[in-house]
Each structure stands twice: as structure tokens, then as C-alpha cells.
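Taking it in order: structure first as C-alpha cells, then the write-up.
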Amino acid sequence: MPVGDQKSGWKNLMDRESEKAYYKDQLEPFIEQEYASGTVYPEREKIFRALELTPLQTVKAVILGQDPYHEPGQAHGLAFSVPEGAAVPPSLRNIYEEINAEYGCGIPKSGNLEPWARQGVLLLNTVLTVRAHKANSHAGHGWELFTDAVLLELGRQEHPIVFMLWGSHAQKKETLIEQTCHLILKTSHPSPLSVYRGFRGCGHFKACNAFLAEKGLQPINWIIGSKEVDACK
């Protein structure tokens, strides 16, 4: 599997993890076999897309997902995101509705969150691949150890980062965040099953930007399709 480059800022971590037994002896052989024997999402070259688009030194916020979308034309390496032209999934629509409630910006037609990633929002699934039509099929094969290492690295950073932990799966990762300079925001998952248990009305997007502004950092433009960053402060 590809392990990144110097520009991403993740190379040292990825080189280190790829030499560990879980990666060499468990994860890598499993992934190679899965791609060779059937349909797996995302495409191989997009497995580490989240890390490629959001270098370590640029991370301002982290949004955790669980595993990639498992139907055709959806997964492209970023949590909650879908490629241009794909229908906006229910959880992402609920995210958009919360942003609209906070900023009054309307609901975007595009579900492609690459603009967030390029601004410093790491859209990280805790499992980076999935077998077609089978949710969570690649859980328990080593990806969790790799993404825990990513989160531990982020939690040790001395520059402030906002960790947006939605749902119990994401909130279990809070123990990996060591530095006290970070902001941790927790609520329910934005899926239709749990959106009304706290996510709706959580105010996380404004809270994130207020924290970044307080630390002298550029806020995130959460409004997909808008160039007006000031609208998102």
C-alpha cells in the first residue's frame, strides 16, 4: 500500500507504522487479498486521501467517521464526503442542516468535502477500506491501530486542534488526545438514528471557528460552494 510522501507531513508516522507487525503481517496482506479478490472501496490510490489533502502541520480540526461508504460511487477517501455528482448521504445532509442552522447558508448540492480538507479539516475514518455492500467488513484487521496512531500523533501536537467527536465510536478516541491546548467537542452522531440526541443544535461549527479565531488561526469556511470565509466566523 502507498504510504504517503514528505509533503504530507505524515511520512514519518506512516513509515513507522508500516514497519510494525500488525501492519506488515496482518493489515497489508489482508488488504492486498481483498483488492485482488473483489470490489473494495475506496479505490486503492485514495485510501490515504484524507492524509494527502490535509498535511499534519496544517490540521486545524478533526472529524472522525467509522468506515467508508460501501456502495458504488460514494467513497473517495474522506469521512462523510462523496465525489462531485453523487447524492448527498443522510448523515452529511444532517451535517449541512446543522451548518445552515448556525450560519443560515442553505443546503449545498455537492457532498464533496475536499474544500474542508484543503483548509485543514482532517476527515478521517477509523477504518480506511470496506468490502462492497458490506459495512464494517474491514473492521478488526488492523486499520484501527493505524488510525489510533494518527490520532495519537495529532493529540501530541502543540498547535491547537479542534476534535469533533460525534457518537460513542468517535468519543472512545478521546483518551488518545494528550495535549491540553486542543478543544474537544462531543455530541451524538449525525445519522438519522441519532441526530436528535444532541447533534441537532450542537453549535459545533461556530464553536470550532470561535476557538480557531481566538488562537489567531483562520476559521474554516464550512459553506460548501461559498468563497466567503467571513460568513463562517
Side-chain angles (χ1 to χ4, degrees), residues 1-4 8 10 13-14 17-18 22-23 26-54 59 61-96 108 110-118 121-151 154 163-173 189-195 199 224:
M1 288 185 288
V3 291
S8 74
W10 295 105
L13 177 141
M14 298 180 81
E17 293 303 307
S18 68
Y22 84 86
Y23 196 104
Q26 179 185 0
L27 177 59
E28 192 162 36
F30 171 76
I31 295 301
E32 292 294 331
Q33 177 61 30
E34 286 288 287
Y35 274 96
S37 62
T39 301
V40 174
Y41 300 122
E43 298 172 1
R44 288 178 66 100
E45 63 269 21
K46 295 181 179 178
I47 292 175
F48 298 106
R49 186 67 170 153
L51 302 183
E52 291 167 359
L53 287 181
T54 312
V59 175
V62 179
I63 295 178
L64 280 183
Q66 193 159 341
D67 69 335
Y69 298 118
H70 54 271
E71 297 301 331
Q74 293 186 306
H76 67 146
L78 303 176
F80 293 103
S81 179
V82 291
E84 207 69 41
V88 176
S91 290
L92 180 54
R93 182 170 182 84
N94 285 333
I95 291 171
Y96 282 168
S110 172
N112 188 343
L113 302 181
E114 287 189 9
W116 292 2
R118 296 184 189 280
V121 182
L122 183 65
L123 298 163
L124 182 70
N125 283 313
T126 56
V127 173
L128 299 187
T129 55
V130 68
R131 192 179 307 160
H133 317 303
K134 295 185 178 180
N136 298 317
S137 51
H138 285 186
H141 292 278
W143 275 131
E144 294 90 343
L145 295 174
F146 176 80
T147 54
D148 277 1
V150 171
L151 291 168
L154 288 164
F163 290 84
M164 304 168 87
L165 306 180
W166 300 335
S168 60
H169 179 82
Q171 289 165 20
K172 290 175 182 176
K173 306 298 184 181
H189 194 275
S191 76
L193 294 176
S194 57
V195 66
F199 187 86
I224 296 294

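Below, all heavy atoms of this structure are taken into account, side chains as well, without hydrogens, waters or symmetry copies.
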Subject >> Heavy-atom side-chain contact between M14 and L51 under 4.5 Å >> reply: yes

Subject >> L128 side, atom CG; L27 side, atom CG - distance, nearest 0.5 Å >> reply: 8.5 Å

Subject >> Atom of P68, atom of P42 and distance for their closest heavy-atom approach >> reply: CG-CD, 4.2 Å

**OP:** Quick one: pull up OH in Y22 and NE2 in H141 and give me the separation to the nearest 0.5 Å.
**Re:** 15.0 Å

Original post:
Rounded to the nearest 0.5 Å, how far does OG1 of T54 lie from CZ of R49?
Top reply: 9.5 Å

Subject >> Full working for side chain to side chain contact (heavy atoms under 4.5 Å, CB included) between N125 and T147 >> reply: CA-CA 8 Å; N125 283 313; T147 54; over 6 Å; no

Original post:
Under a 4.5 Å cut-off applied to non-hydrogen side-chain atoms, are L92 and S81 in contact?
Top reply: no

Original post:
Hey, are the side chains of F163 and L64 touching, using non-hydrogen atoms and a 4.5 Å cut-off?
Top reply: no

Original post:
At their closest point, which heavy atom of P192 faces which heavy atom of S91, and how far apart are they?
Top reply: CD-OG, 4.2 Å

Subject >> Close side-chain approach of E84 and E114, heavy atoms under 4.5 Å >> reply: no

Original post:
Would you say the side-chain atoms of Y69 pair up with the backbone N or O of F80, donor to acceptor, closer than 3.5 Å?
Top reply: yes

**OP:** Report the distance from atom CZ of F146 to atom CD of E17, rounding to the nearest 0.5 Å.
**Re:** 7.0 Å

Original post:
Can you list every salt bridge (charged side-chain N to carboxylate O under 4.0 Å, His left out) pair that touches residues 136-150, not counting sequence neighbours?
Top reply: D148-K173

Subject >> Atom pair OG (S191) and CD1 (I95), whose distance is rounded to the nearest 0.5 Å >> reply: 10.0 Å

**OP:** Report yes if the side chains of W143 and I47 come closer than 4.5 Å at any heavy-atom pair, otherwise no.
**Re:** yes

Original post:
Got a second to check how far L124's CG is from F48's CZ, nearest 0.5 Å?
Top reply: 10.5 Å

Original post:
Between E71 and Y41, does any side-chain donor sit less than 3.5 Å from a side-chain acceptor?
Top reply: no

Subject >> More than 12 heavy atoms from other groups under 6.0 Å of CZ on R131 >> reply: yes

Subject >> Residue pair A50 / L123: nearest heavy atoms and the distance that separates them >> reply: CB-O, 3.4 Å

Original post:
Considering only heavy atoms from C-beta outward, does the side chain of N112 approach that of I224 to under 4.5 Å?
Top reply: no

**OP:** On the 0 to 90° scale, with breaks at 30° and 60°, tag the F30-H138 ring pair as parallel, tilted or perpendicular.
**Re:** perpendicular

Original post:
Under a 4.0 Å N-O cut-off, is there an ion pair linking E34 with R44?
Top reply: no

Original post:
Where do I63 and W116 land on the side chain to side chain contact (heavy atoms under 4.5 Å, CB included) test, with the steps shown first?
Top reply: CA-CA 10 Å; I63 295 178; W116 292 2; 4.2 Å; yes

Original post:
Between the side chains of H70 and S137, does any donor sit under 3.5 Å from an acceptor?
Top reply: no

Original post:
Side chains of N136 and V127: does their closest heavy-atom pair fall under 4.5 Å?
Top reply: no

